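To start, the structure under review is shown below, and the notes come after it.
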Amino acid sequence: MTAPASTIVTRFAPSPSGHLHVGGARTALLCWAFAKGRGGQFLLRIEDTDQKRSSDAASVGFLKDLKWLGIDWDQGPAYEGCGGGPNGPYFQSERLDIYDRELQRLVDAGKAYYAFDTAEELDAKRAAAKAANVAYRYDGSAMAALPKETVAAWLKEGRPAVIRFRTPHGPITITDEILGEATLPAGEVDDFVIRKADGFPTYHFAVVVDDELMGVTHVLRAQEHFNNTAKHMVLQDALGYRRPVYGHLPIIMNPDGSKMSKRDKDKVLRKTVAERGLQAPPAGTVAADRWAKWLGDKNTQLDFDEANALAAALDVALPEINVDDFRRSGYLPEVLCNFLSLNGWSPGENIEKFDNEFLKQRFDLKRVVKTPAKFDRTKLLSFNCDAVTAMPREEFVRRAGDHGRTYHAAFMGKLSPEQFRLLCDASHERSKTLDEMFRSNRFFVTPDAALVHERSKNTEKAMLGAAPNGLDHLKALLPVLEGLGAWDSPSLEAAIKAYADAHAGGQLGKAAQPLRIAVSGGTVSPPIFDTLAILGKASTLARAKACVAAFGG
RNA sequence: GGCCCCAUCGUCUAGCCCGGUUCAGGACACAUCCCUCUCACGGAUGGAACAGGGGUUCGAAUCCCCUUGGGGUCACCA
């Protein structure tokens, strides 16, 4: 398991708050592809040094999402056959003794010092800098000059203290495989905190220590970390560590250029709630006190489950941000990976449909672009549609079934296996996602008596109007269907086509559309013969009669 | 605002490193038409970009500079 010294080791190091979003997934995927395509190892480390924001549930969520995407890790938290390894623990919160040891080395060498500034003091200085329109930099001259005895005494009396790194004065040049070289002028990096008052290391410190100890050779991460690299480099120098190769990937953004965030979900929900004038939360979605807080404060965000429940109740689609959102919406993991890798990279040669194996073989840093990418869900949907429709029949039945059992249990429970197969066959070629057939075919599982025949512009146009209109045809079709012996798609097709030929001038639509409205309540369904076959004779006739009544026949 | 980075169709991108083979290629989206029992799928066709300005050069999307625009970052968050 231990990697030879020459082996490439990459890592994905998420902080377990919230869910794995597409940006993080892209980083993980590319790290994985880079290492695995070169016979190296891909390592997963959980950066839970922020006690307030980290949770075990979130950690497990990340592992689950990574697994679903097909990204396996050689070292890291143990989960479903992945993980383990000689360099653990892989949760930073379990490595405090290691950080303390390294921290002490820096303090002993005079490369780091205790600082006792209060949050209020620092906030005031930051505010002043902002008011003066200059960049804030910590001035360490007072704390760094504190006599040893004073420090010891203050520590002893329990004053809150952080440890800051004594950043050497001078310009720092970052070398990046994607962006090239960049030099930060002297003074740009101040004496930053490396251990917080709660005893936990800061991100910068933990990252540097762990990357060294875990033998990470290549650090691939998002461009928002680019400036941090300077801090990591000075730390590596001070600790006598090796320097990994860096590559900063372009950030993935919203189509409107804003940073992708879960706030976008709240935006959609707020808009819908306002449009419909909703006063109270739909039952079982959001607790009353949360609802009031959310409505009252635009900065309050619903959590994952609340947002999904509310969206389901309102029947609105939320913009997908997290990997789990895409899964719920019926996207295929292999398609998501494919599309994600195309944000910021391309294999060239006009190739854009490929699997993770191909990505592993072909991914390299030279072809990573430097510009931020706007995430185009429409194109993703098109890719997904191609992959779903290209699936073999059996595979579609299996995967749609899995999806249905996970996200549409009630729907699945109301169809027999045979009905579900027929529905799959009828829906497969028009499915852009695995979720679509469940959302657009609810009428199949609505009890006959509960089906509403809505009087809308479209339905009235199809049913009413000059004779013979849709209602007339529907009435005439009733005895035809009633007299039908075999109730399957071919028999229905033969009978209904014969009717259309004889009574509607061969225009199948004149017969099909009234039937569609009769059984679905609306104007959209799978092909009508399949639809009637799945529904069965009794339901079809009951619904047709109810429809005749609803349209005044 | 300081600092850092970037700049090809609406979007993702190819081409740029090593200037001519490109009046810039692909995909998604869009438009028109066809197919059609609805919705989709599919087929055909079309419009669509080298941010602007200076250089260098016989020649620039490709090299240099400036302007403009965009992004990142400036926490006891990662």
Side-chain angles (χ1 to χ4, degrees), chain A residues 13-17 47-50 52-54 115 117 119 122-123 126 129-130 132-138 160-164 174 176 179-180 182-185 187-190 192-198 200 202-204 206-207 222-230 248 250-251 253 255 257 259 339 342-353 366-367 369-383 385-386 389 427 429-432 436 440 458 462 493 496-497 500 507-517 520 522-529 531:
Chain A
S15 138
S17 62
E47 310 221 320
D48 53 350
T49 53
D50 185 337
K52 286 188 291 294
R53 298 205 299 181
S54 302
D117 311 270
L122 295 176
D123 285 347
R126 258 194 293 274
K130 194 172 174 66
N133 227 344
V134 297
Y136 168 76
R137 293 286 178 274
Y138 178 76
V162 300
I163 297 179
R164 284 179 181 268
I174 304 169
D176 183 284
L179 296 172
T183 300
L184 303 194
E188 196 54 30
V189 177
D190 62 9
F192 54 97
V193 174
I194 54 180
R195 191 182 75 169
K196 300 180 265 187
D198 65 5
F200 277 65
T202 60
Y203 159 73
H204 303 297
V207 136
Q223 261 176 38
E224 64 203 54
H225 287 294
F226 187 70
N227 289 293
N228 289 338
T229 308
H248 288 90
I251 290 175
M253 295 189 303
K259 216 170 167 180
F339 186 71
L342 251 15
N343 278 277
W345 178 79
S346 86
E349 300 171 44
N350 290 341
I351 299 170
E352 57 176 1
K353 297 281 181 73
K366 280 200 173 38
R367 295 190 66 87
V369 303
K370 303 175 179 180
T371 45
K374 289 170 185 154
F375 192 80
D376 184 357
R377 288 190 185 79
T378 313
K379 184 163 179 174
L380 203 216
L381 185 61
S382 167
F383 273 40
C385 174
D386 290 349
T389 54
S427 306
E429 67 175 18
R430 71 199 68 250
S431 286
K432 296 186 174 189
E436 207 168 354
S440 56
N458 284 338
E493 178 164 1
I496 295 167
K497 274 195 171 152
Q507 290 177 276
L508 185 55
K510 293 284 185 196
Q513 203 55 2
L515 281 169
R516 192 182 320 278
I517 292 168
S520 76
T523 56
V524 178
S525 85
I528 193 64
F529 315 117
T531 302

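In what follows, every chain begins at residue 1, and chains take the letters A, B, ... in the order their sequences are listed. Keep in mind the model is a prediction, meaning the values are calculated, not measured.
Few gaps surround NZ on A:Lys353; more than 12 heavy atoms of other groups in view lie less than 6.0 Å from it.
Nucleic acid contact class of A:Asn228 (heavy atoms, under 4.0 Å, all strands): base. Across all strands shown, A:Phe375 has no heavy atoms under 4.0 Å from either base or sugar-phosphate atoms. Contact annotation for A:Asn458: no contact, since no heavy-atom pair falls under 4.0 Å across all strands. Residue-level contact check: A:Thr523 touches the bases, meaning some heavy atom is under 4.0 Å from a base atom. Within the 4.0 angstrom heavy-atom criterion, base atoms lie near A:Glu188. Residue contacts shown for A:Val207 are absent, as no nucleic acid heavy atom lies under 4.0 Å away. Within 4.0 Å of A:His248, counting heavy atoms only, lies no atom of the nucleic acid at all. Across all strands shown, A:Lys510 has no heavy atoms under 4.0 Å from either base or sugar-phosphate atoms. In this structure, A:Pro185 reaches the sugar-phosphate backbone alone: every heavy-atom distance under 4.0 Å involves primed, P, OP1 or OP2 atoms, never a base. In this structure, A:Gly344 reaches the sugar-phosphate backbone alone: every heavy-atom distance under 4.0 Å involves primed, P, OP1 or OP2 atoms, never a base.
Shown here, B:rU68 forms a base pair with B:rA7; the pair counts as Watson-Crick or G-U wobble because both key distances fall under 3.5 Å. Both distances falling under 3.5 Å, in either a Watson-Crick or a G-U wobble arrangement, occur for no nucleotide opposite B:rC23. Across every strand in view, B:rC41 sits unpaired, with no contact that passes the Watson-Crick or G-U test at under 3.5 angstrom. With a 3.5 Å ceiling on both atom-pair distances, B:rG59 lacks any Watson-Crick or G-U wobble partner. Summarising the base pairing, B:rC18 is matched to no nucleotide, lacking a Watson-Crick or G-U wobble pair whose two defining distances lie under 3.5 Å. Using Watson-Crick or G-U wobble geometry with both donor-acceptor distances under 3.5 Å, B:rG1 finds its partner in B:rC74. Pair assignment for B:rG46: B:rC30, on the basis of Watson-Crick or G-U wobble contacts that are both within less than 3.5 Å.
Spacing between B:rG26 and B:rC5 at atom P, rounded to whole Å, works out to 35 Å. Rounded to whole Å, the separation between the C1' atoms of B:rC16 and B:rC6 comes to 15 Å.
A close approach under 4.0 Å does occur between a side-chain nitrogen or oxygen of A:Lys432 and OP1 or OP2 of B:rC41. Remark: A:Lys196 is in phosphate contact with B:rC77, judged by side-chain N or O atoms under 4.0 Å from OP1 or OP2. Between A:Ser346 and B:rA14 there is a side-chain polar atom (N or O) within less than 4.0 angstrom of OP1 or OP2. For A:Arg367 and B:rC12, the shortest distance from a side-chain N or O to OP1 or OP2 is not below 4.0 Å. Listed pair A:Arg126 / B:rC76 meets the phosphate criterion, a side-chain N or O lying under 4.0 Å from OP1 or OP2. A sub-4.0 Å separation between OP1 or OP2 of B:rC76 and a side-chain N or O of A:Arg164 is present. Side-chain N/O atoms of A:Thr49 include one lying less than 4.0 angstrom from OP1 or OP2 on B:rA78. Phosphate contact (OP1/OP2 of B:rC28, side-chain N/O of A:Lys379, threshold under 4.0 Å): absent.
At a threshold of 4.5 Å between non-hydrogen side-chain atoms, the residues A:His248 and A:Glu224 do not count as touching.
The base of B:rC37 sits within donor-acceptor range of the side chain of A:Arg516, with an N or O pair under 3.5 Å.
Taking syn as a glycosidic angle within 90° of 0, B:rC41 qualifies as syn.
Side-chain N/O atoms of A:Tyr203 and A:Asn228 include no donor and acceptor closer than 3.5 Å.
Atom CH2 of A:Trp345 is separated from atom C1' of B:rC12 by 14 Å (rounded to the nearest Å).
Toward the 5' end of RNA chain B, the nearer of the two residues A:Thr378 and A:Ala182, judged by each one's closest nucleotide, is A:Ala182. Residue whose closest nucleotide on RNA chain B sits further toward the 5' end, between A:Pro526 and A:Lys52: A:Pro526.
Closest to the side chain of A:Ala135, out of B:rC37, B:rC5, B:rG1, is B:rG1. Counting only heavy atoms from C-beta on, A:Val193 has its side chain closest to B:rC76 among B:rC76, B:rU38, B:rU73. Side-chain proximity of A:Glu429 to the nucleotides B:rA40, B:rG1, B:rC37 is greatest for B:rA40.
A:Asp376 has no carboxylate O lying under 4.0 Å from a charged side-chain N of A:Lys379, or vice versa, which leaves the two without a salt bridge.
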